[in-house]
Amino acid sequence: MIISTIDDLLTVAKGAEGLTFQEIDTTERLLSRKNKGGLGQVIEESLFGYEVNSSSEADFSELGVELKVTPVKINKSGSVSAKERLVLNIINYMEEVNFSFETSSFWKKNKQLLIMFYLWEAEKNRNDYTILKSVLLTYPEDDLEIIKNDWTVIVEKIKNGSAEDISEGDTMYLGACTKGANRNSLRAQPFSEVPAMQRAFSLKQSYMTTFVRQHLDEHRIVSFTNKHELRSKSLEEILIEKFSPYINLSLKEISQSIGYTITPTNKATVANMISTILGIRGTKLDDIEEFSKANIKFKTIRLEKNGIPREHMSFENVDFDRWVIDSFEESQFYNRFEQTKFLFVVFQFNETHSENPLRTPYFKKVLLWNMPESIIQTELKKMWLEGRKVLEEGVQLTPTKRGISNNLPKAKDNLVTHIRPKARNAEDKVALPDGQLITKQAYWLNKEYIAEIVNN
DNA sequence: GCATGATCATGC
DNA sequence: GCATGATCATGC
């Protein structure tokens with residue numbers, strides 16, 4: 001079939017739905033060797049019949065459409081997710097700064113994407129993966145406003161001579177992910193002598209997951225903003241504005257003001273408060289479009305009178321097996337902090353706990369935060385390296401009067417993060433790589449670091 | 001007084 | 001039954 005319109009393109013792509021790569025491949029490319037991008041090449045050559053290229057033009061340049069073949073996975077819960085971020089073109093730091101968004105390399109090549117989703121299955125050979133669905137991605141106008149802003153954030157960092165501090169977490173939907181075999185894949189940047197890690201524009205995994213769910217699951221999500229608002233304000237500014245009327249109010253006062261009944265025992269109280277203030281009452285936070293696409297997770301922070309939280313902030317349990325196998329860039333910690341933005345909902349007490357244990361916290365502010373790349377590469381990595389060494393040498397478990405102590409990195413060992421137990425009780429244990437059992441541990445952000453972020 | 005080990009409460 | 005957010009508690 002001669003492809004002269006986007007409809008033709010979609011017709012051909014949709015004809016492959018339900019087929020495996022093996023069934024499509026006419027070149028025996030898949031049998032030859034395990035070359036990366038091989039699945040995309042099969043589609044280019046055998047389905048569309050054109051030569052593989054790495055031009056800066058879009059694949060179907062006359063139609064302005066770029067072809068992407070990308071995996072989805074089925075979660076334990078049965079829901080579907082993008083298996084990875086969608087990697088677009090490599091950023092040429094020297095050149096991108098000379099462009100506007102409209103003339104940028106990103107926009108030139110990725111204005112419209114023909115996305116072919118296939119199902120990744122751990123136990124299967126990649127030849128046998130099945131094409132699920134093909135969809136033309138054109139960015140909705142609201143998304144495009146956010147993406148423009150993201151592009152600007154990335155380019156501003158290059159202009160400031162700090163391309164080496166770019167992190168995927170800096171932006172909402174359009175990320176700049178590391179690309180290259182290792183940390184030696186460095187590139188020059190125009191306003192600094194420091195070589196920066198090679199990065200590519202990418203659509204975040206969370207953005208792709210939201211997109212996949214809309215098209216494969218018909219999953220419904222709700223937005224709290226719109227393109228008009230987004231033309232003049234960033235997402236963060238909009239959030240701050242929406243929360244500003246409630247500053248210095250208690251949760252009870254806020255609930256009265258927004259007409260929402262709080263049940264003190266309800267764990268989701270603050271989450272409900274957020275969705276109500278955003279004008280989408282009853283929506284789970286994960287179903288808020290902007291939170292879902294940008295992978296924004298909310299955390300409540302309660303500051304003491306002195307501006308420091310009483311407790312450190314916990315995250316998920318540590319996977320000790322991964323810790324000794326993964327590289328830092330593959331690690332649980334790197335991925336959590338590189339890929340997540342946090343919406344901190346900050347309350348503060350006016351009295352100390354000893355003055356009044358039943359004191360009320362007052363709402364202070366919201367802020368969007370992601371861990372800066374400079375911290376990820378220093379303190380976070382330091383903790384990871386130290387913990388890994390302890391695991392490789394064998395964790396020393398020492399019975400004391402207050403339980404069993406260990407020599408994993410402690411709060412005093414690091415300015416930012418540490419390891420501490422989080423379990424049902426001391427008997428709730430997991431196996432370490434060497435077979436010893438340890439009370440389940442989580443990683444935490446130090447409360448002093450939280451204070452620094454919040455009070456910047 | 002605080003660091004660090006222990007554990008509670010809720011929701012899925 | 002387990003993950004997660006939150007908080008307790010005591011030896012140093």
Side-chain angles (χ1 to χ4, degrees), chain A residues 75-79 251 262-275 282-287 291 295-322 332-333 335-337 340 342-349 351-361 369 383 386-387 390 395-432 436-451 454:
Chain A
N75 303 310
K76 282 181 198 146
S77 65
S79 62
L251 207 51
I262 51 166
T263 326
T265 55
N266 186 347
K267 208 180 169 182
T269 296
V270 176
N272 292 336
M273 177 194 106
I274 294 170
S275 62
T283 305
K284 284 191 296 176
L285 296 193
D286 285 346
D287 288 337
F291 287 13
N295 197 25
I296 295 172
K297 308 279 184 207
F298 101 93
K299 291 268 188 189
T300 311
I301 294 175
R302 287 177 191 79
L303 300 176
E304 291 295 312
K305 216 167 153 181
N306 67 5
I308 301 173
R310 194 169 142 92
E311 302 286 344
H312 305 295
M313 179 186 282
S314 77
F315 292 82
E316 59 266 39
N317 280 3
V318 172
D319 183 334
F320 290 107
D321 293 327
R322 273 184 71 181
Q332 214 181 353
F333 316 116
N335 277 299
R336 165 59 61 223
F337 291 113
T340 314
F342 295 94
L343 175 70
F344 287 153
V345 181
V346 184
F347 293 84
Q348 188 163 23
F349 294 106
E351 307 161 277
T352 65
H353 184 262
S354 52
E355 282 165 4
N356 176 11
L358 301 173
R359 66 229 164 106
T360 306
W369 175 84
M383 191 282 283
E386 286 170 3
V390 171
V395 178
Q396 288 170 26
L397 297 171
T398 318
T400 69
K401 287 179 182 167
R402 286 279 307 137
I404 301 170
S405 77
N406 65 59
N407 59 337
L408 289 160
K410 298 277 171 286
K412 279 218 259 181
D413 300 332
N414 196 283
L415 296 172
V416 166
T417 179
H418 66 276
I419 303 297
R420 250 184 51 241
K422 185 163 81 167
R424 216 159 52 75
N425 58 42
E427 300 314 308
D428 188 14
K429 291 173 189 281
V430 283
L432 289 162
Q436 294 187 92
L437 292 178
I438 188 170
T439 306
K440 286 182 182 168
Q441 307 280 316
Y443 56 103
W444 304 64
L445 285 186
N446 300 359
K447 56 190 182 185
E448 296 79 8
Y449 182 56
I450 301 288
V454 172

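Protein chains get the first letters and strands the later ones, always in sequence-line order, with residue 1 at the start of each. Not measured: the values here are computed from a predicted model.
Heavy-atom contacts of chain A under 4.0 Å fall on DNA chain C between two terminal nucleotides, which in 5' to 3' order are C/dA3 to C/dG11.
For the helix from B/dG1-C/dC12 to B/dC12-C/dG1, the rotation axes defined at the first and last 5 base pairs enclose an angle of 20°, given to the nearest 10°.
Distance check: A/Glu427 CD to A/Thr439 OG1 gives 7.0 Å after rounding to the nearest 0.5 Å. Taking CG of A/Leu303 as the reference point, atom CD1 of A/Ile308 lies at 9.0 Å (rounded to 0.5 Å). If you take CZ on A/Phe344 and NZ on A/Lys297, they are separated by 13.5 Å, rounding to the nearest 0.5 Å. The line from CZ of A/Arg302 to CE of A/Met313 is 10.0 Å long, rounded to the nearest 0.5 Å. A/Arg420 contributes atom CZ, which lies 7.0 Å from atom CD of A/Glu311 (distance to the nearest 0.5 angstrom). One distance of note links CZ of A/Phe291 with CD1 of A/Ile274; it measures 6.5 Å at 0.5 Å rounding.
Not counting sequence neighbours, the partners of A/Phe315 by the ring pair (Phe, Tyr, Trp, His ring centres under 6.0 Å) test are A/Phe337, A/Phe342, A/Tyr443.
A heavy-atom distance below 4.0 Å to DNA chain C is reached by these residues of residues 299-309 of chain A, ordered by number: A/Lys299, A/Thr300, A/Arg302. For DNA chain B, the neighbouring residues in residues 405-421 of chain A, judged by any heavy atom under 4.0 Å, are A/Ser405, A/Asn406, A/Lys410, A/Ala411, A/Lys412, A/Arg420, A/Pro421.
Between A/Thr283 and A/Asp287, the side chains place no donor N or O within less than 3.5 Å of an acceptor N or O (distance only, hydrogens not considered). Looking only at atom types and distance, the side chain of A/Glu351 has a donor-acceptor partner in the side chain of A/Asn356 under 3.5 Å away.
With A/Glu304 as the partner, the side-chain hydrogen bond (donor to acceptor under 3.5 Å, both in side chains) test is satisfied by one option alone out of A/Arg310, A/Gln348, A/Arg359, A/His353: A/Arg359.
Listed by first then second residue, pairs satisfying side-chain hydrogen bond (donor to acceptor under 3.5 Å, both in side chains) with a partner in residues 405-417 of chain A read A/Asn406-A/Lys410, not counting sequence neighbours.
Mapping A/Val270 and A/Lys401 onto DNA chain C by nearest heavy atom places A/Val270 closer to the 5' end of the strand. Closest-nucleotide positions on DNA chain B for A/Lys422 and A/His312 were compared, and the one nearer the 5' end corresponds to A/His312. In this structure, A/Ser314 and A/His353 both approach DNA chain C, and ranking their closest nucleotides by distance from the 5' end singles out A/Ser314.
With respect to A/Lys422 and A/Glu316, no salt bridge is recorded, no charged nitrogen being found less than 4.0 Å from a carboxylate O.
Among the heavy atoms of the strands lying under 4.0 Å from A/Ala423 is at least one base atom, whether or not backbone atoms are also near. Within the nucleic acid shown, A/Lys297 has no heavy atom closer than 4.0 Å to any nucleic acid atom.
Between A/Gln332 and A/Asn317, the closest heavy-atom pair is NE2-O, 2.8 Å.
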